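One structure is given here, and the rest of the page talks about it.
Chain naming here is simple, since letters A, B, ... match the order of the sequence lines and numbering starts at 1 in each. Because the structure is a prediction, the values reported are computed rather than measured.
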Amino acid sequence: MSEQKHLYLVDGSSFIFRAYHVLPPLTNSEGIPTGAVYGFANMLWKLIDELNDTDGPTHLAVIFDASSHTFRNEMYDQYKANRPDPPEDLVPQFPLVRDATRAFSVPCIEEEGIEADDIIACYTHAARKEGWKVTIVSSDKDLMQLVDDGQVDMLDTMKNKRIGPAEVEEKFGVPPAKVGEILALMGDSVDNIPGVKGVGVKTAARLITEYGDTETLIARADEIKQPKLRENIQNSTEEIRISRKLVDLYCDWNLTEPLDSLELKDPPKEPLAEFLGKHGFKSMLTKLGVRSSGTPKPATPQTPVNVEQVPFKHEDYETVTTVEALTSWVEEARTCGCLGFDTETNDLNCMRAELVGISLATRPGRACYVPLAHVSDEGLLGEAPEQVDCEEALALLKPLLEDPAVQKVGHNIKYDLLVLRNRHGIDVAPIEDTMLMGYVLDCGKHVGGQYGLDPAAKRELGHETIPFKEVAGTGRNQVTFDKVPLDRATEYAAEDADVALRLYQAFKPRLWRDRMTTVYERLERPLVPVLARMEERGIAVDRAALSRLSADYADRMAALETEIHELAGEEFNIGSPKQLGEILFGKMGLPGGRKSSKTGAYSTDQDTLETLAVDDFELPKKVLDWRQLAKLKSTYADALVAAVNPRTNRVHTSFTLAASTTGRLASSDPNLQNIPIRTDEGAKIRETFIAESGNVLLSADYSQIELRLLAHIADIPQLKQAFEGGVDIHAMTASEMFGVPVEGMDPMIRRDAKAINFGIIYGISAFGLARNLGIPRDKAADYINRYFERFPGIREYMNRTKLMAREKGYVETLFGRRTYTPLIKSQRQNERGFAERAAINAPIQGSAADIIRRAMTRIEPALQGEGLEAARMLLQVHDELIFEVPADKAEAAGTVIRKVMEEACAPVLELDVPLVVDVGTGATWAAAH
DNA sequence: CCTATCACG
DNA sequence: GACGTACGTGATAGGA
């Protein structure tokens, strides 16, 4: 028996997945995930070392899938089309697993166009012919076809179980040789093998036992007794035949490695020790007889650096002023794979900004600044400092910044992307953004601009960065960056690139540890270039129309002002809430004056003034009108004219990915997400947003997306049915609550139900609902109780969500985005109340935000695929996307856009409710609605 | 710089 | 029983 050769064939792919799911998300010192690699290496070790002589391998190979496209895709285009992508923290482990295999001196075998299963089949057949024993290390059911009495078996190393013909027959009810017939009938939803509807393993086994194979079954299908089954089989003959072909293993391939070359050798110690040491697999090093403290030198020149151990030394940063120095930095950067990167400009607004310099960091502590457009600190009067010619420097930098093998790490890199794209034609890629990493990791923990570079450096690295004011001055003495002397500029600018690189090293392992890599890589990073393009395109406005509106508003305001002053009996500043309050509630003695607890001033907000207006007081009515005009004039008409970029003649907003606690975007400078629409006067502003001639604006918005998500997340059958059937959701709610028929519903009752539906999304309270509807509080409480009675799932959702927030400290969206709720355990009940309502709202608002983000990353490629790249996405307003499209392409583009938006959850998720998108087009934004 | 107000989803 | 309360943003003007 000792002469008996025994080949072990390891199904590499399936094993990686199993190791990944079993082991915790370990990372090596470089922050690269290695959990699956560790599991894999351990298994190989076991196979080599621990099996006894009679069972163990004399020959061994690991088989991988080379690519996802194989000959089966040629046979059937839907094959494995539903396969979700592997988890993000598994992807970088694929090459490492191959490294591990080679470190053990075990051959890796893979072949473009065929699957690991086929390669395994080919080797199995070849070895069997030679009279060898074969063990397939896998638990994949497709491979069970190969099991054979006495000569071929399988080994499930996770369960430590051998699978022979008896085990196969137990599982499938037929001998191994017939397993292919069974698989063809059963189908496989994961691989998209159709099979026959309603046929599982039991039925398949019965049919194959009776008829022998699928062809005979098809030929004699009319003999089947059960009518439904007979019909299904007769209707699926094509599917059965294609399935039979798909599950069949291909074994005509010429072996790339001859059988004998797979002979198991003792792995040479040194490369193995180096591999194990590099990834910190200490227990295995010990087994190998190498003490981990005495681990050989690090394997790569890029020493794994402990971020905190490299001090910040500003004097070590280099100012690059010659072509030679720049060339040498570019060369160094090319080898480092991951480059810290930042740009300096003369303006915070990136559409107006001019590039002033670029900084690079190749490893923590090693960074430089390349000034490109610095002038003397006296401006153009003095002599400019020596620097590389801008064009020449950018020509040297462009290949680096566009090199697909060098990741450019920036903090808020969208800004840098735009500056370099704008007038320099450099498309920086691939990118990483440490601001977005910090945002997904800590969303909700910080407020305001706390994801910016300076606070992040303080928190994550314990480092105080040089404040901008320190180099550029403050107030009226502040200068633009091109006037900062090069030595100070270098300290400041190079530090930013250095910090970005260090933050990357700090965040990357945190992302993996918290399992937030997918959120970052799917919902944040890919949006950066998409938003950059939207901002760059901008949107056209009718300046003349805006100016006319502004003048009209000014006239009407002046008229109102005179009337208001007459009514008040004195002149005062209508725009001052304080003065207005004194007039209304002090001097005139109107009823209902509420003083705010904070400032002690009377409240004069819309609600208050409207209440007074109902009682026919003239002055508050006129103030309301005046306020509306003042708002429209200053915030919109005047501001939009001023925002038109003279270079492009369009308005370019800036979208922030890291602004909100829920995952929504924010728009600023100017904010184009709050352009008026609700009143007729306001809609006139929206009419000034126009398409270029020959084009139309196209608006595509999700209908009731948050309520649909509520129905799905809280699992409310009535809501789900209403959405499924296209029923008016608010009328349905009213009908359920008040027992009135949907037909001929009183609009006021529907209005109440609508307010309640929205209140629920906001984490309803009786007080809030009462105020919103202008009804007594006990009546509002009664409404809420009735709602909970009719839809008990809502209360369960609210309780479940609050509990999750308390126990884990965060809540999450359907796609895994987290919002931390630090105040959920506050002793102050008002703070706690806020946190609870925000916790209830965040999964709903945030899931909607995730969905439109997914759509936005897919829409441009989808349009391109249809030759519709002329349709350009311009704006996002939370549940709406605005495009500018050549008029003759609008219909086709609308079809593509609708499809992408409606299917944005797939393939990760299937909602219990349909998503519906309304599309409209028109010459203006108002008309597109 | 903070507060109040109001535009949007 | 009292406490204050709808969720998420950004821009503007007034006033300390």
Side-chain angles (χ1 to χ4, degrees), chain A residues 443-444 447-448 572-581 596-609 623-624 626-640 642-643 653-656 659-679 681-683 685-686 701-702 704-707 710 755-773 777 780 784 811 819 821 826-846 848-849 852 875-880 925:
Chain A
C443 189
V447 285
F572 69 100
N573 189 341
I574 305 171
S576 161
K578 195 182 166 207
Q579 293 180 30
L580 177 65
S596 87
S597 53
K598 263 183 187 151
T599 59
Y602 288 111
S603 169
T604 67
D605 63 13
Q606 212 162 34
D607 252 15
T608 311
L609 297 188
V623 171
L624 281 168
W626 183 90
R627 282 226 183 116
Q628 187 191 23
L629 298 177
K631 180 80 174 181
L632 294 177
K633 181 174 189 295
S634 69
T635 309
Y636 299 104
D638 294 344
L640 284 171
T653 184
S654 172
F655 288 106
T656 320
S660 83
T661 53
T662 57
R664 273 196 179 176
L665 306 186
S667 154
S668 61
D669 198 23
N671 182 353
L672 296 185
Q673 288 182 325
N674 70 347
I675 299 304
I677 183 71
R678 290 175 186 168
T679 65
E681 200 58 56
I685 299 284
R686 209 170 265 225
D701 70 290
Y702 283 109
Q704 309 278 26
I705 187 169
E706 292 193 357
L707 278 174
L710 177 73
I756 299 167
N757 273 334
F758 280 108
I760 293 292
I761 290 174
Y762 299 151
I764 201 155
S765 74
F767 183 92
L769 183 64
R771 207 182 62 168
N772 190 277
L773 284 178
R777 194 149 122 195
I784 294 171
V811 293
T819 299
T821 56
S826 168
Q827 298 298 314
R828 305 174 207 267
Q829 57 248 18
N830 61 335
E831 276 184 354
R832 197 171 58 243
F834 266 123
E836 287 176 350
R837 290 192 299 272
I840 288 164
N841 175 257
I844 301 167
Q845 190 182 112
I852 198 164
L875 299 176
Q876 188 250 44
V877 192
H878 310 312
D879 62 0
E880 174 189 16
W925 188 0

Has A/R771 got a side-chain N or O lying under 4.0 Å from the OP1 or OP2 atom of C/dA6?
-> yes

What is the nucleic acid contact for A/A835, judged by heavy atoms within less than 4.0 Å: base, sugar-phosphate only, or nothing?
-> nothing

Measure distances between side-chain N and O atoms of A/Q829 and base N and O atoms of C/dC3, and say whether any donor-acceptor pair falls under 3.5 Å.
-> yes

Contact class for A/A639 (heavy atom, under 4.0 Å): base, sugar-phosphate, or nothing?
-> sugar-phosphate

Residues two or more places apart in sequence or in another chain: which of them pass side chain to side chain contact (heavy atoms under 4.5 Å, CB included) with A/Q628?
-> A/L632, A/T679, A/E681

So what does A/I844 touch, heavy atoms closer than 4.0 Å: a base, only the sugar-phosphate, or nothing?
-> nothing

Within the structure shown, what part of the strands sits under 4.0 Å from A/E706 by heavy-atom distance: base, sugar-phosphate, or nothing?
-> nothing

Please confirm whether A/R771 makes a cation-pi placement over A/F767, using NZ or CZ under 6.0 Å from the six-membered ring centre and within 45° of the ring normal.
-> no

With a 4.0 Å cut-off on heavy atoms, is A/Q579 in touch with a base, just the backbone sugar-phosphate, or nothing at all?
-> sugar-phosphate

Mind checking A/G575 for me? I need base, sugar-phosphate or nothing, with any heavy atom below 4.0 Å counting as a touch.
-> sugar-phosphate

Grab the CD-C1' distance between A/Q845 and C/dA6 for me, whole Å please.
-> 13 Å

Using only side-chain N and O atoms of A/Q628, determine if any of them is under 4.0 Å from OP1 or OP2 of B/dA7.
-> no

Interatomic distance at C1', C/dA2 relative to B/dC6, whole Å = 32 Å

Distance test, side-chain N/O of A/N573 to OP1/OP2 of C/dG14, below 4.0 Å | yes

Base, sugar-phosphate alone, or nothing: which one does A/N671 contact when heavy atoms must sit under 4.0 Å apart?
-> sugar-phosphate

Should A/R678 be listed as having a side-chain N or O under 4.0 Å from OP1 or OP2 of B/dG9?
-> yes

Would you indicate what A/I761 reaches in the nucleic acid, counting non-hydrogen atoms under 4.0 angstrom: base, sugar-phosphate, or nothing?
-> nothing

Using only side-chain N and O atoms of A/S596, determine if any of them is under 4.0 Å from OP1 or OP2 of B/dT3.
-> no

Which base, if any, makes a Watson-Crick or G-U wobble pair with C/dA2, both distances under 3.5 Å?
-> none

Rounded P spacing from B/dA4 to C/dG4 in Å = 15 Å

Check whether any side-chain nitrogen or oxygen of A/Q876 sits under 4.0 Å from OP1 or OP2 of B/dG9, and answer yes or no.
-> no

Please determine if a side-chain N or O atom of A/K631 lies less than 4.0 Å away from the OP1 or OP2 oxygen of C/dA13.
-> no

Indicate yes or no: at least one non-hydrogen side-chain atom of A/D879 is less than 4.5 angstrom from one of A/R664.
-> no

Using the C1' atom as the reference point in each nucleotide, state the distance between B/dC8 and C/dC3 in Å, no decimals.
-> 31 Å

OP1 or OP2 of C/dC3 under 4.0 Å from side-chain N/O of A/R828 = no

Classify the nucleic acid contact of A/D879 as base, sugar-phosphate or nothing, counting any heavy atom under 4.0 Å across all strands shown.
-> sugar-phosphate

Between B/dT3 and C/dT5 - P atom distance, rounded Å | 14 Å

Hey, is the main chain of A/S668 close enough, under 3.5 Å, to the side chain of A/T653 for a donor-acceptor pair?
-> yes

Residues touching DNA chain B, which here means a heavy atom under 4.0 Å, drawn from residues 659-666 of chain A | A/R664

Would you mind classifying the nucleic acid contact of A/F758 as base, sugar-phosphate or nothing, using non-hydrogen atoms under 4.0 angstrom?
-> nothing

If every non-hydrogen atom of A/A839 is compared with every non-hydrogen atom of A/T821, which pair is closest and at what distance?
-> CB-CG2, 4.0 Å

Just call it for A/R832: base, sugar-phosphate, or nothing, with non-hydrogen atoms closer than 4.0 Å on any strand.
-> nothing

Kindly say if A/S668 contacts the phosphate of C/dT9, meaning a side-chain N or O under 4.0 Å from OP1 or OP2.
-> no

Partner residues of A/N573 under the side chain to side chain contact (heavy atoms under 4.5 Å, CB included) criterion, sequence neighbours left out = A/S576, A/Q579

